[in-house]
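Please read the structure below before turning to the comments.
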Amino acid sequence: MAKDFTTREENYSQWYNELVIKADLADNSAVRGCMVIKPYGYAIWEKIQAQLDYMFKETGHVNAYFPLFIPKSFFSKEASHVEGFAKECAVVTHYRLMNSPDGKGVIVDPDAKLEEELIVRPTSETIIWDTYRTWIQSYRDLPLLINQWANVVRWEMRTRLFLRTAEFLWQEGHTAHATQKEAVAEAEQMLDVYAEFAEKWMAIPVIKGIKSPNERFAGAVETYCIEALMQDGKALQAGTSHFLGQNFAKAFEVQFLSKENKLEYVWATSWGVSTRLMGALIMSHSDDNGLVLPPKLAPTQVVIIPIYKTEEQLSLISGKANEIKKALKSKGITVKYDDRDTYKPGWKFNEYEFKGVPVRIVIGPRDLENGTVEVARRDTLEKAVYQLTDIETKIEHLLDNIQENLYQKALSFRENNTFQADSWEEFNQILDTTGGFVSAHWDGTPETEQLIKEESKATIRLIPLNNKLEEGKCIYSGKASTQRVLFARAY
RNA sequence: CGGGGUGUAGCGCAGUCCGGUUAGCGUACCUGGUUUGGGACCAGGUGGUCGAAGGUUCGAAUCCUUUCACCCCGACCA
């Protein structure tokens with residue numbers, strides 16, 4: 001057990017906050033709601049980025065970069081879009097400072113007021129579609145498959161490290177297509193990319209589905225999403241992909257000439273994941289001993305720690321350790337040999353355990369004699385003695401095994417915390433005791449959805465893709481329903 | 001925006017009610033020595049003007065006024 005570390009049982013929320021800070025992932029900054037992502041946390045984000053970027057490119061996308069600032073007028077062009085974001089926009093009104101007349105510090109120069117205010121992007125649909133207008137003339141210009149890695153700002157009332165910060169890092173894909181069918185296929189394809197990434201890389205099982213109209217992205221015709229279940233029984237939206245119809249094309253006058261020489265509006269999608277994924281990663285696997293990382297996203301996959309009494313021993317051990325390091329690297333495994341003599345082994349064990357390094361290898365005099373090493377795995381905290389023969393293959397398998405184990409553990413947690421409710425009482429009882437996903441009938445109206453949300457604090461997380469149709473009665477209104485949807489309290 | 005809380009050394013805190021030597025403690029950090037298979041030990045040492053501004057007083061971390069910031073819970077949201 002780590003020193004001075006709150007357990008999940010004691011206070012889940014506090015456990016999360018302490019974990020993020022003590023594992024050196026991020027810190028609060030001098031700016032309200034904005035975090036500093038520290039090197040260790042950023043290294044994980046870079047791994048997330050690298051894999052997603054690879055997957056985007058494999059599916060035909062290219063990267064570009066659009067401005068941080070968006071002219072205010074752009075926001076009024078798509079009615080529901082502005083409605084969705086208006087309440088959380090940071091606005092630039094001036095472009096110059098001056099010395100304060102009273103000699104105390106600086107003030108905004110009143111003469112430097114902008115003609116038109118600039119909005120710090122909360123998302124980039126508007127500036128991108130304004131640009132696409134000039135890029136798209138013909139069906140030959142389509143599809144346009146662009147992604148951007150960027151920061152965005154949403155002035156949230158209340159923030160939490162990684163889960164909800166005023167500024168966050170993300171990627172946003174914005175694609176333009178000649179047909180509705182193609183755009184829908186794109187939105188669905190990117191949802192699949194996200195789901196695959198979540199499950200195979202983050203070891204987080206997700207459910208794919210579509211949002212109810214109330215929860216839909218501002219300006220979208222259909223919002224697809226993946227939802228994951230955290231250890232405290234709350235759901236977390238891990239990624240979204242939107243079919244935007246022709247809404248933005250019409251708002252920004254983006255038309256093209258089809259093969260048939262007809263002027264048509266372009267069909268659009270947008271899709272994104274953010275540093276919130278870091279929150280999902282942390283909450284899915286970590287325990288009361290600290291962070292637990294899936295091997296595929298761990299900045300350091302294996303750490304080697306020497307134990308010695310004399311310089312001679314250290315030199316022999318280092319020789320062996322470097323051989324092992326080299327063998328592991330040949331398998332593409334990221335290894336760190338920590339031979340610092342400024343910290344004791346026990347201190348290092350705890351340090352790497354808290355930071356979630358998947359595998360720890362210990363070599364001491366005893367091992368030198370026996371031709372062995374001690375191998376400890378972070379997910380189960382089990383220790384074992386390994387013969388050195390083919391160590392790289394054994395560790396490679398162990399890492400795969402840990403990756404798989406984390407996924408299975410998260411999957412069975414979700415299965416054990418997914419329930420069916422057939423009455424309003426049962427529904428609330430589940431939410432108030434275990435939490436988790438609750439599959440229940442809903443009459444399909446936004447009014448009922450709103451009332452359920454107000455009274456139970458649970459929202460419709462999604463309507464699962466390929467949902468089974470089933471006659472039933474809405475748990476709230478008692479009206480006829482054709483399918484169950486998934487409810488949960490959410491982040 | 002409503003409710004609660006906190007600002008004192010890098011970090012975590014005590015001291016504040018009831019004003020009074022040189023503002024303490026743990027940890028971290030530095031030096032030396034002994035240690036090293038689960039957060040070592042001993043000795044010595046560095047570091048703060050108490051969130052900010054104003055006021056009361058012979059004297060303020062402590063009392064009064066104003067103000068700023070951050071955190072937590074809620075409403076809102078990826």
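Chain letters run A, B, ... following the sequence lines, proteins first and then strands; every chain starts at 1.
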Problem set entry | Residue closer to the 5' end of RNA chain B, A:V373 versus A:E215 (nearest nucleotide) | A:V373
Exercise. If you find the nucleotide of RNA chain B closest to A:R160 and the one closest to A:F168, which residue's nucleotide is nearer the 5' end?
Worked result: A:R160
Of the nucleotides [options], which one has an atom closest to the side chain of [X]?
X	options	answer
A:E374	B:G38, B:U36, B:G37	B:G37
A:E156	B:G39, B:C76, B:G37	B:C76
A:K309	B:G37, B:G38, B:U36	B:U36
A:S13	B:G37, B:C72, B:G74	B:C72
A:K457	B:G39, B:A75, B:C76	B:A75
A:K383	B:G38, B:G37, B:G74	B:G38

If we take the [atom1] atom in both [N] and [M], what is their distance in whole Å?
N	M	atom1	value
B:C29	B:G7	P	25 Å
B:C71	B:C11	C1'	16 Å
B:A40	B:G3	P	47 Å
B:C41	B:U27	P	9 Å
B:A61	B:G15	C1'	8 Å
B:U8	B:A23	C1'	9 Å
B:U62	B:G51	P	8 Å
B:A52	B:G5	P	22 Å

Could you check how far [atom1] of [X] sits from [atom2] of [N], rounded to whole Å?
X	N	atom1	atom2	value
A:Y16	B:C71	OH	P	14 Å
A:F354	B:G38	CZ	P	20 Å
A:L161	B:C70	CG	C1'	12 Å
A:R366	B:U36	CZ	P	13 Å
A:E311	B:U36	CD	P	14 Å
A:E455	B:A75	CD	C1'	16 Å
A:I305	B:U36	CD1	C1'	12 Å
A:K348	B:U35	NZ	C1'	14 Å

Problem set entry | Residues in ring-ring contact (aromatic ring centres under 6.0 Å, His included) contact with A:W170, at least two apart in sequence or another chain | A:F168
Classify [X] by what it touches in the nucleic acid, base, sugar-phosphate, or nothing, heavy-atom distance under 4.0 Å.
X	value
A:L163	base
A:Q237	sugar-phosphate
A:T275	nothing
A:P365	base
A:Q14	nothing

Problem set entry | salt bridge (Lys or Arg N to Asp or Glu O under 4.0 Å) partners for A:R366, two or more places apart | none
For this session: Please check if any side-chain donor atom of A:T123 sits under 3.5 Å from a side-chain acceptor atom of A:E125, or the reverse.
Result: yes
For this session: Please list all pairs passing the salt bridge (charged side-chain N to carboxylate O under 4.0 Å, His left out) test where one or both residues lie in residues 311-324 of chain A, with sequence neighbours left out.
Result: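 Checked against salt bridge (charged side-chain N to carboxylate O under 4.0 Å, His left out) - neighbours excluded - the pairs reaching residues 311-324 of chain A are A:K320-A:E323.
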With a 3.5 Å distance limit and no angle check, can you tell me whether [X] reaches the backbone of [Y] through a side-chain donor-acceptor pair?
X	Y	result
A:N467	A:V485	no
A:E18	A:T6	yes
A:D367	A:G364	yes
A:R414	A:I204	no

Exercise. If only side-chain N and O atoms of A:N17 are considered, is one of them under 4.0 Å from the OP1 or OP2 phosphate oxygen of B:C71?
Worked result: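 So the side-chain polar atoms of A:N17 never come under 4.0 Å of the phosphate oxygens OP1 or OP2 of B:C71.
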Exercise. Got a minute to check which stems RNA chain B is part of, using Watson-Crick or G-U wobble pairs under 3.5 Å, three or more consecutive?
Worked result: B:1-7 with B:68-74, B:10-13 with B:24-27, B:29-34 with B:40-45, B:51-55 with B:63-67
For this session: Measure from NZ or CZ of A:K355 to the centre of the six-membered ring of A:Y40, then state whether that distance is under 6.0 Å and the direction lies within 45° of the axis.
Result: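 Verdict for A:Y40: a cation-pi partner in A:K355.
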Exercise. Between A:W271 and A:H61, is the gap from one ring center to the other below 6.0 Å?
Worked result: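 Yes, they do, as the ring centres are separated by less than 6.0 Å.
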Exercise. What residues, two or more places apart in sequence or in another chain, satisfy side-chain hydrogen bond (donor to acceptor under 3.5 Å, both in side chains) together with A:Y337?
Worked result: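 A:Y337 satisfies side-chain hydrogen bond (donor to acceptor under 3.5 Å, both in side chains) with A:S318 once adjacent residues are dropped.
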For this session: Scan A:K234, A:K211, A:K208 and name whichever one has a salt bridge (Lys or Arg N to Asp or Glu O under 4.0 Å) with A:E227.
Result: A:K211
Exercise. Does any residue of residues 334-347 of chain A have a heavy atom under 4.0 Å from RNA chain B, and if so, which ones, in number order?
Worked result: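 Residues of residues 334-347 of chain A that come under 4.0 Å of RNA chain B are, in numerical order, A:Y343, A:K344, A:P345, A:G346, A:W347.
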